[in-house]
Enquirer: 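The structure that follows is given in the form of structure tokens.
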Amino acid sequence: SAAALRKEVVADTAGGADDSMAARGLPFSSDERPVFKVIVITFNRAAPLERLLRSLAVANYTVAKDTSIELNIFIDRGKADPHVDAAVLETSRKFLWPFGPKTVCARRKHVGLFGQWVDTWQ
């Protein structure tokens, strides 16, 4: 049941100087909703990105009705060609995310797969 699950969930404490139960690593109280976030890291493949985003949009997210799911899309730049792939940027911008806020972040410089992965969690 949802109530039983809430008792088992422990929040991630990485995030900021916040005195909420989640920030202290304690189980969520019944009036405190967890934050759900989907993070997509991409580079220069617009067609697979579009397929992924369509799949994410039709997935069944079993969360409370008033819970928002944030979508963050991080786009890396090329090492040799320091431009963001135009098709990837356009695909990311035009995609409508029905579950909450969407953020598209085009990197200012090439960071590579490792940099993409590490930086998205900060």
Side-chain angles (χ1 to χ4, degrees):
S1 79
L5 179 61
R6 262 198 306 272
K7 290 178 184 175
E8 296 298 318
V9 173
V10 176
D12 180 1
T13 58
D18 183 352
D19 195 37
S20 70
M21 292 179 74
R24 289 179 283 150
L26 300 174
F28 290 102
S29 69
S30 60
D31 61 334
E32 188 174 2
R33 295 255 183 240
V35 175
F36 293 95
K37 190 180 292 191
V38 176
I39 297 174
V40 174
I41 57 176
T42 186
F43 174 46
N44 64 355
R45 297 173 58 199
L49 173 63
E50 188 169 7
R51 188 172 61 242
L52 169 67
L53 294 174
R54 280 195 316 262
S55 294
L56 290 171
V58 298
N60 182 8
Y61 301 98
T62 54
V63 294
K65 191 174 187 177
D66 60 342
T67 300
S68 175
I69 302 171
E70 186 177 326
L71 175 65
N72 295 322
I73 304 171
F74 291 87
I75 307 169
D76 199 8
R77 295 175 180 265
K79 196 175 205 175
D81 178 10
H83 297 94
V84 170
D85 186 271
V88 168
L89 185 59
E90 180 64 21
T91 298
S92 300
R93 285 183 173 163
K94 74 177 182 181
F95 177 71
L96 299 176
W97 179 243
F99 303 106
K102 175 188 81 173
T103 304
V104 176
C105 176
R107 300 287 185 181
R108 293 177 192 250
K109 63 179 185 163
H110 171 75
V111 295
L113 181 59
F114 180 78
Q116 282 272 74
W117 180 250
V118 172
D119 289 347
T120 58
W121 296 100
Q122 295 181 10

Enquirer: For residues 84-104, dump all side-chain donor-acceptor pairs below 3.5 Å to protein atoms at least two apart in sequence or in another chain.
Expert:
residue : atom : partner : partner atom : Å
Asp85   : OD1  : Ala87   : N            : 3.2
Asp85   : OD1  : Val88   : N            : 2.9
Thr91   : OG1  : Ala87   : O            : 2.8
Ser92   : OG   : Val88   : O            : 2.9
Trp97   : NE1  : Ile69   : O            : 2.6
Lys102  : NZ   : Ser92   : O            : 2.8
Lys102  : NZ   : Arg93   : O            : 2.9
Lys102  : NZ   : Phe95   : O            : 2.7

Enquirer: If you compare all heavy atoms of His83 against all heavy atoms of Arg77, which two are closest, and at what distance to 0.1 Å?
Expert: CA-NH1, 3.9 Å
Enquirer: Following the transitive rule for hydrophobic clusters with a side-chain heavy-atom cut-off under 4.5 Å over Ile, Leu, Val, Met, Phe, Trp and Tyr, establish whether Leu56 and Ile75 coincide in one cluster.
Expert: yes
Enquirer: Applying salt bridge (charged side-chain N to carboxylate O under 4.0 Å, His left out), which residue pairs with at least one partner in residues 103-116 are found, sequence neighbours left out?
Expert: Arg107-Asp119
Enquirer: Between atom NZ of Lys37 and atom CD1 of Ile39, what is the distance when rounded to the nearest 0.5 Å?
Expert: 5.5 Å
Enquirer: For Arg45, what residues pass the side chain to side chain contact (heavy atoms under 4.5 Å, CB included) criterion, not counting sequence neighbours?
Expert: Pro48
Enquirer: Just verifying a value: how many Å separate Thr67 OG1 and Phe36 CZ, rounded to the nearest 0.5 Å?
Expert: 6.0 Å
Enquirer: Find out if a path of hydrophobic residues (ILVMFWY) with successive side-chain heavy-atom gaps under 4.5 Å connects Ile41 to Val111.
Expert: no
Enquirer: Are side-chain heavy atoms of Leu52 and Val40 found at a separation under 4.5 Å?
Expert: yes
Enquirer: To the nearest 0.5 Å, what is the distance between CZ (Arg54) and CG (Leu49)?
Expert: 10.0 Å
Enquirer: Is there a donor-acceptor pair under 3.5 Å between the side chain of Asp76 and the backbone N or O of Gly112?
Expert: yes
Enquirer: Hey, quick one: are Phe74 and Leu113 part of the same hydrophobic cluster, counting side-chain heavy atoms closer than 4.5 Å, chains of contacts allowed?
Expert: yes
